[in-house]
Amino acid sequence: MQHMLPLKPMVCRSALNNLSKSRKKLPYSWDLNIYRGCMHRCSYCYAVYSHKYLSPGGFYDNIYVKTNIAELLERELASPSWKREIVNIGGVTDCYQSAEAEYKIMPQVLKLFIKYKSPVIISTKSDLILRDYELIDQLSRVAYVNIASTITVMDEDVRAKMEPGAPQAQRRFEMLKAFSKTEASTGVHMMPIVPYITDSYENIDTLFACAKASGVAYLLTGSLYLRGPTRKVFFDFVKEGFPHLYTQLLSLYRNGSLDKDYKTGLYGVVRQIREKYSLYGDYSGYMREKQPKTAKCEQLTLF
């Protein structure tokens with residue numbers, strides 16, 4: 001997928017961001033994001049807030065590239081204070097969005113994690129990650145590696161509306177199947193489940209079936225949460241793409257959180273399907289088994 005937008009180089013002051021205080025429930029304490037802004041244009045993206053401190057321009061069409069991130073990362077990983085804790089790569093903006101095809105920063109990043117034998121989670125919707133298969137395979141032999149791909153819907157027409165800049169769901173499953181042959185663990189994040197659009201039994205069941213066939217270790221699910229700038233972005237999308245659902249969705253999200261009765265029913269359906277396919281909804285067990293003893297891990301279990 002070729003990008004059509006101008007990319008803006010920027011100099012960052014640090015490569016790793018410490019999350020230990022702000023996100024205590026997550027099984028990692030650090031994240032690393034090569035890009036600011038994301039070309040996948042997902043209508044439900046929680047990260048649109050991250051552009052508010054930058055110059056004018058939208059999160060989807062103002063893409064910044066941290067050109068000095070590899071240099072800073074080596075300094076930070078080489079520090080005597082570095083404890084080889086898990087780093088989530090691409091948790092805010094996708095590290096394998098199409099800008100990466102041009103800048104090729106991830107190979108530099110991966111070589112540093114190999115050099116310093118530090119564990120990572122790589123979160124991506126893109127099969128461009130297959131370009132770096134050999135590096136990730138090598139890293140998985142010296143440190144814990146988890147490849148996580150967000151996949152929300154199997155209907156390609158719906159996916160193209162919701163995630164117009166992202167690859168097809170089937171391509172993501174094929175990517176996960178390829179990485180299941182390495183020492184890395186793999187997983188699917190069906191996050192978010194969008195009421196009335198991706199919440200059908202058929203969609204959830206088919207997605208679980210494809211995940212199982214891809215050899216993933218777990219499948220996490222989570223309902224759509226609408227706060228801050230994401231709320232406006234999402235409802236603008238609904239007005240254009242699913243106008244007949246606008247009033248119903250507005251009613252479900254009166255306070256930003258999903259209606260409790262609806263959520264209870266959704267959780268019940270997900271549990272039923274999860275039991276059918278015997279897929280874990282908790283990946284902390286794999287971390288405890290594979291990661292270095294010095295790395296922190298807190299249990300993360302979703303429904």
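All values derive from a computational prediction rather than experimental measurement.
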Return the set of residues passing salt bridge (charged side-chain N to carboxylate O under 4.0 Å, His left out) with [X] (not counting sequence neighbours), or none when no residue passes.
X      : value
Arg227 : none
Arg254 : Asp259
Asp155 : none
Lys232 : Asp236

Could you pull out all residues at least two apart from [X] that satisfy ring-ring contact (aromatic ring centres under 6.0 Å, His included)?
X      : result
Phe179 : Tyr133
Phe235 : Tyr246
Tyr225 : none

Suppose we screen for side-chain contact (heavy atoms from CB on, under 4.5 Å). Which residues come up paired with Pro243, at least two apart in sequence or across chains?
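So Pro243 forms no side-chain contact (heavy atoms from CB on, under 4.5 Å) with any residue.
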
Any donor-acceptor pair under 3.5 Å linking the side chain of [X] with the backbone of [Y]?
X      : Y      : value
Arg274 : Tyr280 : yes
Glu76  : Leu16  : yes
Glu85  : Tyr28  : no
Asn146 : Gly187 : no

Pairs flagged by salt bridge (charged side-chain N to carboxylate O under 4.0 Å, His left out) wherever residues 187-205 is involved - sequence neighbours left out
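Passing the test, one end in residues 187-205: Asp205-Lys276.
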
Measure the shortest side-chain to side-chain distance between Phe234 and Leu224 over non-hydrogen atoms and say whether it is less than 4.5 angstrom.
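With C-beta onward as the side chain, the pair touches.
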
Are Leu219 and Leu207 close enough that some pair of their side-chain heavy atoms sits under 4.5 Å apart?
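Leu219 vs Leu207: side chains touch.
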
Only pairs at least two apart or in different chains count here, so list each side chain to side chain donor-acceptor pair (under 3.5 Å) that has a residue in residues 158-168.
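Non-adjacent pairs meeting side chain to side chain donor-acceptor pair (under 3.5 Å): Tyr44-Glu163, Thr152-Glu163, Glu156-Arg159, Glu163-Arg172.
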
If you look only at distance, which donor and acceptor atoms sit under 3.5 Å apart when one is on a side chain in residues 68-75 and the other is two or more places apart or in another chain?
residue: Asn68; atom: OD1; partner: Cys12; partner atom: N; Å: 2.9
residue: Asn68; atom: ND2; partner: Cys12; partner atom: O; Å: 2.9
residue: Glu74; atom: OE2; partner: Lys115; partner atom: NZ; Å: 2.6
residue: Glu74; atom: OE2; partner: Tyr116; partner atom: OH; Å: 2.8

Restricting to side-chain hydrogen bond (donor to acceptor under 3.5 Å, both in side chains), what partner residues turn up for Ser214, sequence neighbours left out?
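By the side-chain hydrogen bond (donor to acceptor under 3.5 Å, both in side chains) rule, Ser214 matches no residue at all.
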
Testing the 3.5 Å rule here: is there a donor-acceptor pair between the side chains of Tyr103 and Thr67?
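Side-chain D/A pair, Tyr103 to Thr67: absent.
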
